[in-house]
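Step one of this worksheet: look at the structure below.
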Number of protein chains: 4
Amino acid sequence: MQVAATAVGGGLPVPPMEFCQLKATETIRPADDPHTRNKRQQILEAAARQFSACGFHGANMRDVAAAAGVLAGSIYYHFESKDALFVAVHGAAIDMMTNAVRAAVAGIADPWDRLEEAAAAHCEALNGDSAFVGVIAPIFPVTIGALRSQLTAQRDAYESMFSDLIGKLELEADIDPKIFRLHVLTALNGTKFWYGPGGMAPSEIGRQLIRMLRRRATRDPGIV
Amino acid sequence: MQVAATAVGGGLPVPPMEFCQLKATETIRPADDPHTRNKRQQILEAAARQFSACGFHGANMRDVAAAAGVLAGSIYYHFESKDALFVAVHGAAIDMMTNAVRAAVAGIADPWDRLEEAAAAHCEALNGDSAFVGVIAPIFPVTIGALRSQLTAQRDAYESMFSDLIGKLELEADIDPKIFRLHVLTALNGTKFWYGPGGMAPSEIGRQLIRMLRRRATRDPGIV
Amino acid sequence: MQVAATAVGGGLPVPPMEFCQLKATETIRPADDPHTRNKRQQILEAAARQFSACGFHGANMRDVAAAAGVLAGSIYYHFESKDALFVAVHGAAIDMMTNAVRAAVAGIADPWDRLEEAAAAHCEALNGDSAFVGVIAPIFPVTIGALRSQLTAQRDAYESMFSDLIGKLELEADIDPKIFRLHVLTALNGTKFWYGPGGMAPSEIGRQLIRMLRRRATRDPGIV
Amino acid sequence: MQVAATAVGGGLPVPPMEFCQLKATETIRPADDPHTRNKRQQILEAAARQFSACGFHGANMRDVAAAAGVLAGSIYYHFESKDALFVAVHGAAIDMMTNAVRAAVAGIADPWDRLEEAAAAHCEALNGDSAFVGVIAPIFPVTIGALRSQLTAQRDAYESMFSDLIGKLELEADIDPKIFRLHVLTALNGTKFWYGPGGMAPSEIGRQLIRMLRRRATRDPGIV
DNA sequence: GATGAATGAGTTTTCATTCAT
DNA sequence: TATGAATGAAAACTCATTCAT
């Protein structure tokens with residue numbers, strides 16, 4: 001199931017609020033759904049959707065529970081607290097993206113090609129069919145102090161992959177690789193706010209970003 | 001007073017939570033402060049800081065009030081609701097940024113130079129000394145449905161400036177100007193999540209982004 | 001209004017549970033009651049009754065609120081938390097007892113007489129018409145760690161009055177004054193569990209305890 | 001394992017909360033422990049410790065279960081409800097104390113000596129090495145209505161032993177035997193709130209109370 | 001006998017909002 | 001204009017209890 005923002009007014013659109021407004025019951029999957037592995041997983045997925053759509057503070061446990069087909073109290077059998085649930089979702093999302101990116105770059109040699117594949121995979125995971133990983137992007141600013149260190153730790157390993165990828169590029173002397181990496185990642189994450197179905201495919205959007213940054217001189221020095 | 005995120009762990013850092021943890025009283029300016037223009041303005045500024053730091057749902061009226069040196073109930077004389085307060089802050093921020101960008105590009109002819117100045121101004125306003133406009137970036141995902149249309153309307157005029165700026169560029173054929181614009185704006189806004197004092201200046205960070213994207217062929221065709 | 005335990009079965013009775021079972025509405029005093037000083041005081045009194053009757057964990061904020069004629073949320077305007085409310089009640093109770101005991105011993109010279117008056121006052125305050133001070137006795141065992149230090153501090157001053165009173169007695173050599181004080185105070189507090197109207201007056205019960213302990217040899221050596 | 005209150009600040013100390021703060025797992029005895037008789041007994045003991053330390057409302061089934069090495073649901077195979085569990089613990093405690101007191105006074109003739117031995121035994125059982133009987137004292141005030149009659153019934157037999165013991169004393173005419181008994185029992189129970197290891201032994205504390213009350217005239221008229 | 005998973009009513013607490021003064 | 005006090009709905013979380021396995 002895919003929930004995506006539709007660009008409104010042609011500009012940088014405000015993000016999708018569908019879940020926040022959706023009656024929780026509409027998103028309940030029946031217990032016998034073949035895709036249902038177990039309750040913990042269902043809760044994790046429901047939480048991913050709610051956090052994705054509403055942010056940490058905007059999401060509430062009752063809606064998560066309803067979306068997972070359980071009562072609010074039942075979540076606490078599986079997760080210690082809202083914080084812990086968020087950390088679990090975030091960790092799972094990071095894991096998925098790590099796997100996706102790793103698989104995407106495997107067997108590719110050219111540094112710019114590797115980065116392009118990584119960006120495509122990141123964007124695809126973030127906006128693709130599962131959209132489980134939506135938490136990655138939007139919750140940044142509503143994260144509370146207590147969660148910071150845990151989330152940072154989870155992200156570090158993921159982002160070091162991009163550091164490595166970018167470290168292999170031959171960037172112009174006036175480009176700081178760290179600034180480069182941060183701009184790339186935030187632009188990629190930013191797609192969560194404006195991507196909508198019907199337009200360019202997520203992976204292609206990711207690719208475009210890297211192509212914009214790829215200097216012709218580097219890419220195809222002979223012609224220039 | 002400036003509150004900025006410090007990059008933690010070398011990766012994409014979680015954003016600054018200083019305001020959320022600051023005792024409200026510490027941010028109260030005495031009513032006779034020479035900088036105090038009036039209560040409405042003070043509330044607006046306090047709200048900008050809180051919304052910036054905590055997001056829409058994470059911020060609360062009592063802290064805004066305390067930071068403005070009034071009681072919670074008093075806000076309602078000046079603003080109809082939390083939503084209205086947010087829209088007012090957002091509108092004021094957009095106005096400031098519009099002015100800043102307009103002033104920055106005035107008198108500059110080259111399209112890429114114009115974009116670079118615009119990006120520098122955007123970044124400076126977002127992360128600079130006043131940082132009033134912080135609301136622009138982080139609260140996207142926690143915005144509730146009822147606010148969407150109002151916020152979108154406020155943004156449209158601002159973003160059309162960037163549309164115009166980018167429309168003047170001679171982009172490669174395989175680059176979609178709309179995707180280009182969205183990537184630029186989200187990357188620029190993303191600086192809110194990782195910029196910290198002590199590193200590169202905000203305006204230089206904005207400039208770097210455009211320089212990364214500026215094709216040598218386009219910028220300086222004679223040499224290539 | 002007085003709520004007291006009635007001894008059941010002739011033994012050490014379990015304490016009164018009337019308040020726990022009473023419908024909250026039955027204890028609401030109308031807002032125009034002449035005895036009503038203000039809401040904070042009313043909440044304090046209602047809390048004293050609930051904590052007295054049910055203990056710290058057994059009492060709940062909703063019942064306290066209802067008994068004070070406000071909604072549960074309103075309590076938090078006056079008190080930061082349940083803990084803080086309890087500490088406030090406890091402190092007020094200690095103050096009342098301190099005053100009562102101080103007044104009772106004023107102008108009396110004989111050490112045993114002074115202790116007897118103090119015991120009478122303590123018992124009277126604990127079980128008398130107001131019974132506000134009921135918290136003193138029963139909540140001991142349900143006190144949570146975080147409250148311990150605050151409650152202990154409040155008690156120390158009060159109990160040092162008894163230390164002083166007892167220090168003036170000429171106790172037999174084999175009687176430890178500290179053990180003596182602790183036995184006296186717990187016995188006095190214990191009356192909260194078994195005192196009931198219709199029997200001996202509280203002050204007389206307190207007096208009896210001291211008389212039981214007062215050695216004839218000490219009191220009236222000439223006759224023996 | 002013994003958990004006792006340490007007097008804090010020199011006054012009537014708030015009671016021990018060690019168990020409430022102890023991680024449940026730390027108190028689990030492995031199932032093959034030679035001291036383990038059976039699960040029911042383990043649950044009873046764990047419950048005694050929790051109720052003792054936290055009171056009826058403050059104790060919770062999950063901690064009792066963890067301390068007994070079972071899951072919360074499993075308790076319900078052995079006991080119908082939390083109330084029933086409490087009644088069982090209370091009954092067992094009363095039985096132990098009854099046996100202890102009966103054994104202590106056996107073969108002793110002098111009424112005051114008999115009472116002194118009974119008090120020593122009561123205090124020893126309450127604060128001694130096993131301290132299983134801790135429930136006796138502190139939960140009084142948090143007992144809920146439904147339990148009253150059952151608890152009272154269990155206590156009656158125990159307390160009638162003290163009635164008998166006291167009935168044999170030749171008390172002064174102005175001392176009411178019932179008041180005397182109640183003061184003695186509550187003072188004895190009160191030791192639970194202030195006794196701590198390192199000071200006087202529990203049995204000696206009990207003895208001291210009786211010695212304080214034992215009139216020299218009555219005890220040893222010839223000498224005086 | 002025991003467990004894992006859930007329940008649902010209840011807990012304390014928060015917070016946007018109102019309103020008489 | 002601003003405040004002190006209150007509201008009431010909703011939040012996160014707890015906990016005794018149930019029940020199929």
Side-chain angles (χ1 to χ4, degrees), chain A residues 31 38-40 42-43 56-65 68-86, chain B residues 31 38-40 43 56-65 68-86 144, chain C residues 31 38-40 42-43 56-65 68-86, chain D residues 31 38-40 43 56-65 68-86 144:
Chain A
N38 60 40
K39 270 286 145 69
R40 190 178 194 278
Q42 275 179 272
I43 291 170
F56 179 79
H57 287 119
N60 71 35
M61 300 298 267
R62 204 151 25 211
D63 286 353
V64 169
V70 297
L71 292 199
S74 307
I75 296 180
Y76 291 83
Y77 180 78
H78 300 282
F79 300 95
E80 213 180 32
S81 65
K82 189 185 185 184
D83 279 23
L85 177 58
F86 186 82
Chain B
N38 60 43
K39 273 286 144 67
R40 189 178 196 278
I43 291 170
F56 179 78
H57 286 118
N60 71 307
M61 298 297 268
R62 208 153 9 212
D63 284 355
V64 169
V70 298
L71 289 202
S74 309
I75 295 180
Y76 289 82
Y77 178 79
H78 301 282
F79 301 94
E80 208 181 37
S81 64
K82 189 187 186 184
D83 281 22
L85 176 58
F86 185 81
I144 46 174
Chain C
N38 60 41
K39 271 285 144 69
R40 188 178 195 278
Q42 275 180 272
I43 291 169
F56 180 79
H57 288 120
N60 71 33
M61 299 297 269
R62 203 146 32 207
D63 286 353
V64 170
V70 297
L71 292 198
S74 308
I75 295 179
Y76 290 82
Y77 181 78
H78 301 280
F79 300 95
E80 212 180 32
S81 64
K82 188 185 185 183
D83 280 23
L85 177 58
F86 186 82
Chain D
N38 59 42
K39 272 286 144 69
R40 188 177 197 279
I43 292 170
F56 180 79
H57 287 119
N60 71 307
M61 298 298 268
R62 202 140 31 199
D63 285 354
V64 169
V70 298
L71 290 202
S74 309
I75 296 179
Y76 290 81
Y77 179 80
H78 301 281
F79 301 94
E80 207 182 37
S81 65
K82 189 186 186 184
D83 280 21
L85 176 58
F86 185 82
I144 47 174

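A, B, ... follow the sequence lines: proteins, then strands. Residue 1 opens every chain. Everything numeric here is computed off the predicted structure, so don't read it as measured data.
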With the side chain defined as heavy atoms from C-beta on, C/Lys39 is closest, among E/dA5, E/dT7, F/dA6, to F/dA6
To the nearest 0.5 Å, atom CG of B/Asn60 lies from atom CZ of B/Arg62 at 7.0 Å
When rounded to whole Å, the CD1 to C1' distance for the pair A/Ile43 and E/dA5 reads 10 Å
Taken to the nearest 0.5 Å, the spacing of C/Lys39 NZ from C/Ile75 CD1 works out to 11.5 Å
- prompt: Counting just side-chain N and O atoms, does A/His78 come under 4.0 Å of either OP1 or OP2 of E/dG4?
  reply: no
Listing for DNA chain F: consecutive Watson-Crick or G-U pair runs of at least 3, distance cutoff 3.5 Å, ranges ordered by first number, gives E:2-21 with F:2-21
- Student check: side-chain heavy atoms of A/Phe56 and B/His57 closer than 4.5 Å: no
Taking 4.0 Å as the cut-off, does a side-chain nitrogen or oxygen of C/Tyr77 come that near to OP1 or OP2 on F/dA6? no
Those residues at least two apart in sequence (or on a different chain) that pass side-chain contact (heavy atoms from CB on, under 4.5 Å) with D/Ala84 are D/Glu80, D/Ser81
When rounded to whole Å, the CD1 to C1' distance for the pair A/Ile75 and E/dT7 reads 13 Å
From CG of C/Asn38 across to C1' of F/dA6 the rounded distance in Å is 14 Å
Whether each nucleotide of nucleotides 16-21 of chain E has a protein heavy atom under 4.0 Å at its base (B), only at its sugar-phosphate (S) or at neither (-) is summarised, 5' to 3', as SBB---
Residue set satisfying side-chain contact (heavy atoms from CB on, under 4.5 Å) with D/Tyr76, at least two apart, ordered chain then number -> D/Met61
